[in-house]
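Counting starts at 1 for both ligands and their atoms, following the listed order.
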Amino acid sequence: MAVKTIITEPNKLLRQISKPVESVGKEEQQLMDDMLDTMYDANGIGLAAIQIGVPKRIIVMDISKDEKKEPKYFVNPVVVNKDPIKNTHEEGCLSVPEQFAEIDRPSKCEVEYLDYKGKKQILMADGLLATCIQHEMDHLEGILFIDYLSKLKKSIIIKKLSKLKSNTAIL
Ligand code: GNR
Ligand code: NI
């Protein structure tokens, strides 16, 4: 159990394509525990392994609002079906701090994955769950939500983040 440092844009690591996990063992479970700690510590609702520098196809999520935690673990997730109807949701990202934008994505999707115990599962997601799982699966491909914005909007955000980084470097 440990809180890790979340990598922020601009950083080439975030652009890596994550590799499939061969099996869910102790090492992967330890990683999922650390990812969940890191996600809760940062008040996020999802986290992909690459955000803490590990290029493995592993995601943790918890979209529950109340105190009762409902962690979800996704290893090697694959979208097997998506709704042609799109839904717009305001997105943020722990790797793109303090920036938000409305992003269109399929409103529903079906995802196949392995759970914490390595058991094959299928999930039908809609609403925030669908938005979040698609945002996280983008991380596995090195894609960030700002990639869907116009070149201008994206460059403004990256400039802000670079500035933010150079300021924190002095402190
Ligand atoms: O905490 C997060 N909130 C969020 C809100 C709307 C859409 C996606 C997300 S995911 C984000 C955490 C994160 O960066 N995961 O990769
Ligand atoms: Ni993110």
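Of the protein's non-hydrogen atoms, the one nearest atom 14 (O) of ligand 1 is Leu94 N, 2.8 Å. Ranking the protein heavy atoms by distance from atom 13 (C) of ligand 1 puts Gly46 O, 3.4 Å first. For atom 9 (C) of ligand 1, the closest heavy atom belonging to the protein is Gly92 O, 3.5 Å.
The atoms of ligand 1 that sit less than 4.0 Å from any heavy atom of His139 are 16 (O). Near His135, meaning under 4.0 Å from one of its heavy atoms, ligand 1 places the atoms 8 (C), 10 (S), 13 (C), 14 (O), 15 (N), 16 (O). The distance from ligand 1 to the heavy atoms of Ile45 drops below 4.0 Å at these ligand atoms: 1 (O), 2 (C), 3 (N), 4 (C), 5 (C). Residue Gly44 has at least one heavy-atom neighbour below 4.0 Å for each of these atoms of ligand 1: 1 (O). Below 4.0 Å from some heavy atom of Glu90 lie the following atoms of ligand 1, by number and element: 6 (C). In summary, the atoms of ligand 1 found under 4.0 Å from a heavy atom of Glu136, numbered by their order in the structure, are 10 (S), 13 (C), 15 (N), 16 (O). Residue contact check: Cys93 has heavy atoms under 4.0 Å from atoms 14 (O) of ligand 1.
Counting heavy atoms under 4.0 Å from ligand 1, residue Glu91 touches it through both backbone and side chain.
A salt bridge is absent between Lys56 and Glu22; no separation between the charged side-chain nitrogens and carboxylate oxygens falls under 4.0 Å. Salt bridge Glu136/Arg57: absent, no basic N to carboxylate O contact under 4.0 Å.
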Item to check | Check against side-chain hydrogen bond (donor to acceptor under 3.5 Å, both in side chains), Asp33 and Tyr73 | outcome: CA-CA 10 Å; Asp33 293 344; Tyr73 307 89; 4.7 Å; no
Next on the checklist: With side-chain hydrogen bond (donor to acceptor under 3.5 Å, both in side chains) as the criterion, how do Gln51 and Ser95 come out once you've worked through the C-alpha distance, each side chain's angles and the decisive distance to 0.1 Å?
Outcome noted: CA-CA 7 Å; Gln51 292 180 274; Ser95 297; 3.0 Å; yes
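No option in Asp138, Thr131, Thr88 other than Asp138 meets the side-chain hydrogen bond (donor to acceptor under 3.5 Å, both in side chains) test with Arg105.
For Thr131, no nitrogen or oxygen atom sits less than 3.5 Å from a nitrogen or oxygen atom of ligand 1, counting backbone and side chain alike.
No donor-acceptor pair under 3.5 Å is formed between the side chain of Lys4 and the backbone N or O of Gly53. Asn76 places no side-chain N or O within 3.5 Å of a backbone atom of Pro20 that could act as its donor or acceptor partner.
The hydrophobic cluster around Ile156 extends to Leu152, counting ILVMFWY residues whose side-chain heavy atoms fall within less than 4.5 Å of a member.
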